Q: 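Have a look at this one before I ask anything.
Lettering follows sequence order; numbering is per chain, from 1. Everything quoted here is computed from the prediction, not taken from an experiment.
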Amino acid sequence: MENRNFMNVDTKNSELIPEEKISLNFIEEIIEKDLANGKNGKRVLTRFPPEPNGYLHIGHAKSICLNFGIAQKYHGKTNLRFDDTNPTKEDVEYVDSIREDIHWLGFNWDAEYYASDYFEQLYQWAIQLIKEGKAYVCELSQEEASLYRGTPTQPAKASPYRDRSIEENLDLFERMRQGEFPNGKMTLRAKIDLSSPNMHMRDPIMYRIIHQVHHRTGKKWCIYPMYDYAHGESDSIEGITHSICTLEFEVHRPLYNWFVQTLKIHAPQQIEFARLNLSYTVMSKRKLLQLVQEKYVSGWDDPRMPTICGLRRRGYTPESIRLFADRIGVAKRDNVIDVSLLEWCIREDLNARAQRVMAVLNPVKVIITNYPEGKGEELEAVNNPEDESMGKRKIKFSKELYIEREDFMEDPPKKYFRLSPGSEVRLRYAYFITCTNVIKDSQGNITEIHCTYDPASRGGNSPDGRKVKGTIHWVSIQDAVDAEIRIFDRLFKVPAPDNVEEGHTFLENINPDSLEIRKNCKVEAFLTKAWQSPLAHFQFERLGYFSIDPQSKNEQRLIFNRTVNLKDTWAKENAKA
RNA sequence: UGACCAAUGGUGUAAUGGUAACACAACGGUUUUUGGUACCGUCAUUCCAGGUUCGAAUCCUGGUUGGUCAACCA
């Protein structure tokens, strides 16, 4: 058997995204304007700032492609910064997975930082604000603080601690740091505007007390900065020019600006875009975590999950996800992207690059009655009709074959092009065969299909030029290899699983039939050791795109995941009827 | 009903005062040794009402609808 090079898509370079896009998205417009005006010294520095408290999903991929993509386009750089300001939620486990996923997507960050790297600087800046009378230590309980804050239509009531002396604030803040007080006893608040219609400006909390070991700073700190206090300054320290985030941070922007302006430090520009929503799935970390913890899926990397690791295991390529990110665009309005676009992207990529192979998922035996007993031969098959350079391979043919049970019907409807009694079809790359007899067991199940073949049609064409409408795939029984194949459907049965009425939960929208495991599939001998190539992607002809599951290598047996089916207009037509 | 943001085909994204474009989906067709791929065709006068203008998806005013914000989460 020749041509053993299983396709490893990570080493092949297919560029699906055109160099020059005709139009710019609104963020690129802002950047080009800034560049033209010489702002930031004509420099572009973006950042991707995940909190290490969960796995990355396709929504993060949008943000990653945006931040890294913009830097590449404008010859700038991108930092990876872990936003690790809350030790109660974060863990190194997530840091590693985030790094892996970004690399896998095909991006390299220019520098890696942690918000916790800046804890000392942030602390010094807090002291500066206290000294300027712009921050104070507040002893309101959480409940009291909430009450005092008012509502969007009612102004806040001043904390009784708002007008402490600078000396007292300095002393208390220092003692907070030294660990003198329990969790929740005090906070440091910025003194801004109690009557602001923007709730975030009503003396927001800068620091809270959390006696907990931090995954990087250990026991060094027991006070931790809030996102709003840490994020802008972290951007500023790194010299970020454009701080791109999702829409829900829009109302935080005045506060972001207040901190960097009040501290008189470099002021990056925060720009918000609409996060990705995908039909038939959920995207919130909380819900994904719930799916994992309550065992609705096998883990974060379950092939049905919208996580990067889930998509990877499912067989999605980095190229397909980048193509997807490019096609969905970037704007400020809420959106729900149809999963069919994601599916189109992976088909688009794999159609051009995937090794073709024959596999039978639901086998039924075919016996070629006029084929000589004991005879075997090798036939030639094209590895990829879209790419001649991938060459050809030999496939074994013999008297006994498996074909797909769905490719035979005793009593076929109109326009059924496949095998049925008396009809002639082509076995792909092999011969024309005609069904002459059907053998059934006592239950009436078909156990064997008897056919005759036309020896003159070797390779799949008849010298007399007669046309055969149907072509079906097959494997030789004596040469086929066993495989387990996992077929996935959407995890949710409705387009918007989040959209539930009062008293109901998204879990009720779970599709109970999203996983189907087929244990006795038969695949072409070409795939014998496909598990040695864990990143291999294949097209099983007429069925879809499949890739090796990592479990396959551990168990040294073939396990494939169906990434996506092929478009199937026949199935669609039938569904209508 | 406070502030902020958004509104263009079924779904997204463009059009930057001058003929509403592209992709996915859907539907119809051509080609085909994958009912795949490729190719062709069909599918919107831009939330509403006024205004500015020779001319408005775009600018202005008012409405409507949707989203975000009242964690010591990010």
Q: Would you classify H252(A) as touching base, sugar-phosphate or nothing, given that sugar-phosphate means primed atoms plus P, OP1 and OP2, and contacts are heavy atoms under 4.0 Å?
A: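 Base contact - H252(A) has a heavy atom under 4.0 Å of at least one base atom.
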Q: Listed by chain and number, what are the salt bridge (charged side-chain N to carboxylate O under 4.0 Å, His left out) partners of E404(A), not counting sequence neighbours?
A: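 Counting only residues at least two positions away or on another chain, E404(A) forms no salt bridge (charged side-chain N to carboxylate O under 4.0 Å, His left out).
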Q: Kindly point out which of rA26(B), rA74(B), rU34(B) is positioned nearest to the side chain of R542(A)?
A: rU34(B)
Q: Using atom OH of Y207(A) as one end and atom P of rC73(B) as the other, report the distance to the nearest whole Å.
A: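 Rounding to the nearest Å, OH of Y207(A) and P of rC73(B) are 14 Å apart.
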Q: K567(A) has a side chain; which of rC72(B), rG2(B), rU37(B) sits nearest to it?
A: rU37(B)
Q: How far does the P atom of rG51(B) sit from the matching atom of rG9(B), given to the nearest Å?
A: 25 Å
Q: When rounded to the nearest Å, what value does the distance between P atoms of rC47(B) and rC24(B) take?
A: 24 Å
Q: Please confirm whether F82(A) and Y94(A) have ring centers closer than 6.0 angstrom.
A: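 Ring centroids of F82(A) and Y94(A) are no less than 6.0 Å from each other.
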Q: List the atom of D228(A), the atom of F259(A), and the distance in Å for their closest heavy-atom pair.
A: O-CD1, 3.5 Å
Q: Ignoring backbone atoms, test whether T569(A) places a side-chain nitrogen or oxygen under 4.0 Å from the OP1 or OP2 oxygen of rG36(B).
A: yes
Q: Got a salt bridge between D349(A) and R353(A), using NZ or NE/NH1/NH2 to carboxylate O under 4.0 Å?
A: yes
Q: Of all the choices, rU13(B), rU34(B), rG2(B), which nucleotide is nearest to the side chain of N335(A) once you look at every atom?
A: rU13(B)
Q: Do we count W570(A) as stacking onto rG35(B) if the rule is ring centres under 5.5 Å and planes under 30°?
A: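 Yes.
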Q: Under a 3.5 Å cut-off for both contacts, is rA23(B) paired Watson-Crick or G-U wobble with anything, and if yes, with which nucleotide?
A: rU11(B)
Q: Aromatic ring centroids of F324(A) and W344(A) under 6.0 Å?
A: no
Q: Counting only side-chain N and O atoms of R327(A), is one of them less than 4.0 Å from OP1 or OP2 of rU13(B)?
A: no
Q: Below the 4.0 Å mark, does rA7(B) have OP1 or OP2 next to a side-chain nitrogen or oxygen of K332(A)?
A: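 Answer is no, no contact under 4.0 Å.
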Q: Would you indicate which nucleotide in rC24(B), rG35(B), rG36(B) comes nearest to any side-chain atom of L341(A)?
A: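 So the nucleotide nearest the side chain must be rC24(B).
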Q: Assign V336(A) to base, sugar-phosphate, or nothing according to its heavy-atom contacts below 4.0 angstrom with the strands shown.
A: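 Sugar-phosphate: the residue V336(A), judged by heavy atoms under 4.0 Å, touches backbone atoms but no base.
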Q: With sugar-phosphate meaning primed atoms plus P, OP1 and OP2, does Y416(A) contact a base, only sugar-phosphate, or nothing at under 4.0 Å between heavy atoms?
A: base
Q: Which residue in the set Y224(A), W258(A), Y207(A), Y256(A) passes ring-ring contact (aromatic ring centres under 6.0 Å, His included) when paired with Y229(A)?
A: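 Going through Y224(A), W258(A), Y207(A), Y256(A) one by one, the ring-ring contact (aromatic ring centres under 6.0 Å, His included) with Y229(A) is satisfied by Y207(A) alone.
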Q: Across all strands shown, which nucleotide pairs with rC69(B) by Watson-Crick or G-U wobble geometry, both distances under 3.5 Å?
A: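 Base partner found: rG2(B).
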Q: Work out how far the P atom of rC22(B) is from that of rG41(B), and round it to whole angstrom.
A: 10 Å
Q: Does N86(A) place a side-chain N or O at less than 4.0 Å from the phosphate oxygens OP1/OP2 of rC73(B)?
A: yes
Q: Using Watson-Crick or G-U wobble geometry with both distances below 3.5 Å, tell me the partner of rG36(B), or none.
A: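 Looking at the geometry, rG36(B) pairs with no nucleotide.
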Q: Which of the following nucleotides, rG2(B), rU34(B), rC69(B), is nearest to the side chain of T153(A)?
A: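 It is rG2(B).
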Q: Could you state the atom-to-atom distance from CD of Q539(A) to P of rU34(B) in whole Å?
A: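 After rounding, the reported distance stands at 11 Å.
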Q: Indicate, with a heavy-atom threshold strictly under 4.0 Å, whether Q142(A) touches base, sugar-phosphate, or nothing.
A: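 Base, at least one base atom sits under 4.0 Å.
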Q: Expressed in whole Å, how much space separates the P atoms belonging to rU42(B) and rA6(B)?
A: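 One P to the other, the span is 35 Å.
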Q: From C-beta outward on K89(A), which listed nucleotide comes closest to its side chain: rG36(B), rA23(B), rC73(B)?
A: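 Among rG36(B), rA23(B), rC73(B), the one nearest the side chain of K89(A) is rC73(B).
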Q: So Y227(A) and H252(A), would you call those rings parallel, tilted or perpendicular, with 30° and 60° as cut-offs?
A: perpendicular
Q: Suppose you measure atom P in rG66(B) against the same atom in rG50(B); what distance do you get, rounded to whole Å?
A: 23 Å
Q: Just to be sure I understand the rule, does D334(A) reach a base, reach only the sugar-phosphate, or reach nothing, if contact means heavy atoms closer than 4.0 Å?
A: sugar-phosphate
Q: How about CD on Q178(A), more than 12 heavy atoms from neighbouring residues, nucleotides or ligands closer than 6.0 Å, or not?
A: yes
Q: If the cut-off is 4.0 Å, is T85(A) near the phosphate of rA74(B), judged by side-chain N/O to OP1 or OP2?
A: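 Yes, within the criterion.
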Q: Rounding to a whole Å, what distance do you find between R347(A):CZ and rG36(B):P?
A: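 My rounded result for the distance is 11 Å.
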Q: Pick the C1' atom in rC60(B) and in rU53(B), then give their distance to the nearest Å.
A: 12 Å
Q: For the pair made of CZ in F324(A) and C1' in rU11(B), what is the distance, rounded to whole Å?
A: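 Rounded to the whole Å, the gap is 11 Å.
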Q: Both distances below 3.5 Å, Watson-Crick or wobble geometry, any strand: find the nucleotide opposite rC59(B).
A: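 Pairing partner: rG51(B).
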Q: Side chain of L566(A): nearest nucleotide among rG36(B), rG12(B), rG35(B)?
A: rG36(B)
Q: Regarding P50(A), tell me which of base, sugar-phosphate or nothing describes its non-hydrogen contacts under 4.0 Å with the strands shown.
A: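 No contact.
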Q: What nucleic acid atoms does Y224(A) come within less than 4.0 Å of, heavy atoms only: base, sugar-phosphate, or nothing?
A: nothing
Q: Roughly, in whole Å, what's the span from CG in D228(A) to P in rA70(B)?
A: 10 Å
Q: Counting the atoms with a prime plus P, OP1 and OP2 as sugar-phosphate, which does R418(A) contact under 4.0 Å by heavy atoms, base, sugar-phosphate, or nothing?
A: base
Q: When the distance from NZ of K469(A) to P of rU30(B) is rounded to whole Å, what number comes out?
A: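 K469(A) atom NZ is separated from rU30(B) atom P by 9 Å.
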Q: Using the P atom as the reference point in each nucleotide, state the distance between rG18(B) and rU11(B) in Å, no decimals.
A: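 About 27 Å, rounded to a whole number of Å.
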Q: For I210(A) and rA74(B), give me the distance from atom CD1 to atom C1', rounded to whole Å.
A: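 Interatomic distance, CD1 of I210(A) to C1' of rA74(B): 12 Å.
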Q: With sugar-phosphate meaning primed atoms plus P, OP1 and OP2, does E250(A) contact a base, only sugar-phosphate, or nothing at under 4.0 Å between heavy atoms?
A: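 If one applies the 4.0 Å heavy-atom cut-off, E250(A) turns out to touch the sugar-phosphate alone, with no base involved.
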Q: Reckon N53(A) touches a base, only the sugar-phosphate, or nothing at all at heavy-atom distances under 4.0 Å?
A: nothing
Q: Identify whether any heavy atom of I337(A) sits under 4.0 Å from a base atom; if not, whether one sits that close to sugar-phosphate; answer base, sugar-phosphate or nothing.
A: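 Sugar-phosphate contact only.
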Q: With a 4.0 Å limit, can you tell me whether R149(A) has a side-chain N or O closer than that to the phosphate oxygens OP1/OP2 of rC69(B)?
A: no
Q: Taking the side chain of W344(A) as heavy atoms from C-beta outward, which of rA38(B), rG12(B), rA25(B) is closest to it?
A: rA25(B)
Q: Could you tell me how far apart E573(A) (CD) and rC27(B) (P) are, to the nearest whole angstrom?
A: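 The answer, rounded to whole Å, is 9 Å.
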Q: Strictly distance-based, threshold 3.5 Å: is any side-chain N or O of R562(A) a donor or acceptor partner for the main-chain N or O of Y545(A)?
A: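 No, because the side chain of R562(A) does not come within donor-acceptor range (under 3.5 Å) of the backbone of Y545(A).
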Q: Taking the minimum atom-to-atom distance to the side chain of P385(A), which one of rC27(B), rA23(B), rU34(B) wins?
A: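 Ranking rC27(B), rA23(B), rU34(B) by closest atom to the P385(A) side chain puts rU34(B) first.
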Q: Under 4.0 angstrom, heavy atoms only, what part of the nucleic acid is V330(A) near: base, sugar-phosphate, or nothing?
A: sugar-phosphate
Q: Kindly point out which of rC69(B), rA26(B), rA70(B) is positioned nearest to the side chain of H200(A)?
A: rC69(B)
Q: Which part of the nucleic acid, if any, lies within reach of L140(A) when heavy atoms closer than 4.0 Å are counted: base, sugar-phosphate only, or nothing?
A: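 Base contact.
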Q: Which is true for S340(A) with a 4.0 Å heavy-atom rule: it touches a base, it touches only sugar-phosphate, or it touches nothing?
A: sugar-phosphate
Q: Classify the glycosidic conformation of rA21(B) as syn or anti, calling it syn when the angle lies within 90° of 0.
A: anti
Q: Are any of the side-chain nitrogens in R275(A) or D334(A) under 4.0 Å away from the carboxylate oxygens of its partner?
A: no
